[in-house]
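Okay, structure first, notes after.
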Amino acid sequence: MPSLSDAFKSVPVQCKEPDISSMDEVPELYLWPQENQQALEENIGVNIPVIDLQHGVTSRASAGSVIELLRAAYEEFGVFQIVNHGVSQQLLERVENQGRRLFSLPLDQKIKARRSPDGVTGYGMARICTFFDRLMWSEGFTSIGSPLEHAEKLWPDDYQDFCETIDEYDHAMKDLASKLMSLILESLGLRQRDYSWGGDNCAALQMNHYPSCPRPAQTMGMAEHTDSTFLTVLYQGSVQGLQIKRSDGMWTVVPAIPNAFVVNAGDLLQVLSNGRYKSVVHRAVNSIKPRLSFAYLWGPPLTAVIEPAPQLVDSKHPLLYRALNWNEYLVVRAKHFDRALEFFRNVQ
Ligand SMILES: C=C1C[C@]23C[C@@]1(O)CC[C@H]2[C@@]12CCC[C@@](C)(C(=O)O1)[C@H]2[C@@H]3C(=O)O
Ligand SMILES: O=C(O)CCC(=O)C(=O)O
Ligand SMILES: [Fe+2]
């Protein structure tokens with residue numbers, strides 16, 4: 001049985017982990033072309049819906065049911081935010097504190113928990129770094145289930161708080177992600193019982209740190225990408241940085257709302273919905289302020305067959321993708337990155 005950690009074995013990567021937290025100058029390799037960096041002040045918050053999971057209210061003038069709001073948000077943007085989601089503010093604060101604690105360790109300590117070249121979990125740059133010729137102004141830590149193996153290396157005598165907090169957060173995210181998936185299926189007119197795959201859904205928690213940056217207009221925190229998931233639940237704290245690319249190619253800021261989560265549509269949802277909900281292209285930009293984000297990347301059991309729902313295929317909506325599973329998708333993506341979905345296009 002493959003695990004999420006196996007998908008990258010065929011394409012090992014060796015990323016360096018320079019100590020960007022202590023740099024007051026930005027080295028050449030971190031400077032990205034200017035066209036990437038248009039400031040988008042005028043686009044801040046362009047109607048990206050905020051859904052109140054208990055009441056269905058939104059930031060838009062017109063309120064509606066959660067399902068209608070979700071459908072509209074995913075058709076238009078591939079993203080929405082949620083409030084009143086049931087995850088306590090206290091847990092979010094604890095997770096942020098543990099993130100701060102981890103990333104403020106000296107680099108020689110962090111690299112004791114370094115991600116292996118063919119692995120997924122541990123400390124290092126986001127795996128997509130190999131697809132770009134510039135470096136990203138960020139560092140990350142990925143866990144799948146318990147982070148114990150790495151936490152013991154980071155804090156040999158004091159890893160318990162970290163593990164307990166991450167375990168608790170992982171459980172809260174697991175529940176929230178499956179609730180969101182039920183709502184998403186309902187919004188597509190699909191029956192929950194057809195999507196209970198048998199076996200546990202897989203997920204990874206990606207903690208990101210974007211250190212204070214002396215030239216934020218010229219650097220990139222995390223380069224543009226889609227997530228390979230069904231959905232990603234992102235907590236971005238109080239410092240803004242996430243941007244999404246709209247269908248007209250314009251970048252739009254996703255405002256940081258206290259205690260809200262951002263819910264991105266991922267590539268597997270694009271497949272399952274036969275292209276009706278497109279995975280959202282997004283990136284994170286830097287600022288003078290240090291920023292943390294926590295992405296819970298959630299998908300099906302690794303070998304479950306994912307294919308466009310038959311109810312969403314008809315003469316006006318031809319079958320766009322052939323059946324795949326998350327494992328084979330990740331293997332193709334590890335090699336071909338943003339072109340991976342093309343390999344699963346249905347050819348008539
Ligand atoms: C479940 C996963 C999604 C991810 C690859 C991974 O196996 C674990 C890390 C995830 C992450 C987080 C940052 C962005 C991303 C594109 C990356 O490089 O690593 C995603 C991967 C993905 O969505 O494919
Ligand atoms: O930091 C952010 O806002 C985005 C992070 C992200 O896209 C990811 O971890 O996949
Ligand atoms: Fe992402």
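For this chain, numbers begin at 1 and follow the sequence in order. Quantities reported herein were computed from a predicted structural model and do not represent experimental measurements. Remember, it's 1-based here, ligands and their atoms both numbered in the order they're listed.
- Within 4.0 Å of atom 16 (C) of ligand 1, at least one protein heavy atom is present.
- Summarising the contacts of atom 3 (C) of ligand 1 with Cys202, Gly140, Ser228, the nearest heavy atom is found in Ser228.
- For Trp326 and Phe230, the ring centers sit 6.0 Å or farther from each other.
- In this structure, atom 3 (O) of ligand 2 lies nearest to the protein heavy atom Arg291 NH2, 2.9 Å.
- The distance from ligand 2 to the heavy atoms of His282 drops below 4.0 Å at these ligand atoms: 7 (O).
- Val271 has its side chain within reach of Leu341: a pair of non-hydrogen atoms, C-beta onward, lies under 4.5 Å apart.
- Remark: ligand 2 and Tyr210 share an N or O pair separated by less than 3.5 Å (distance only, no angle test).
- Near Ala204, with a cut-off below 4.0 Å to any heavy atom, the atoms of ligand 1 are 1 (C), 8 (C).
- With the Fe ion (ligand 3) as the vertex, OD1 of Asp227 and NE2 of His225 span 90° to the nearest 10°.
- Taking any N or O of Arg333, backbone or side chain, at least one lies under 3.5 Å from an N or O belonging to ligand 1.
- Annotation: atom 5 (C) of ligand 1 to nearest protein heavy atom, Phe8 CZ, 3.9 Å.
- For ligand 1, the atoms sitting less than 4.0 Å from at least one non-hydrogen atom of Arg127 are 18 (O), numbered in the order shown with element in parentheses.
- Remark: minimum distance from atom 5 (C) of ligand 2 to any protein heavy atom is reached at Asn208 ND2, 3.4 Å.
- For ligand 2, the polar-atom distance check finds no N/O of Gln206 at less than 3.5 Å from any of the ligand's N/O atoms.
- Using a 30° and 60° split on the angle between ring planes, Tyr123 and Phe103 fall in the tilted class, from 30° to 60°.
- With a 6.0 Å cutoff to the six-membered ring centre and a 45° limit on the axis angle, Arg246 does not count as a cation-pi contact of Trp251.
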Cut-off 3.5 Å, no hydrogens considered: what does the side-chain donor-acceptor table look like for residues 184-192, sequence neighbours left out?
residue : atom : partner : partner atom : Å
Ser187  : OG   : Ile184  : O            : 2.6
Ser187  : OG   : Tyr277  : OH           : 2.6
Arg191  : NE   : Asp194  : OD2          : 3.1
Arg191  : NH2  : Asp194  : OD1          : 3.4
Arg191  : NH2  : Asp194  : OD2          : 3.0
Gln192  : OE1  : Ser182  : OG           : 3.0

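- Within the listing of ligand 1, atoms 7 (O), 8 (C) sit less than 4.0 angstrom from a heavy atom of Val120.
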Query raised in the report: Yes or no on side chain to side chain donor-acceptor pair (under 3.5 Å) for Ser138 and Asn208, after CA distance, side-chain angles and deciding distance?
Result: CA-CA 7 Å; Ser138 60; Asn208 301 303; over 6 Å; no
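- Side chain to side chain, Arg276 and Gln270 fail the donor-acceptor criterion of an N or O pair below 3.5 Å.
- The residue Arg283 has no part lying near ligand 2, judged by heavy-atom distances below 4.0 Å.
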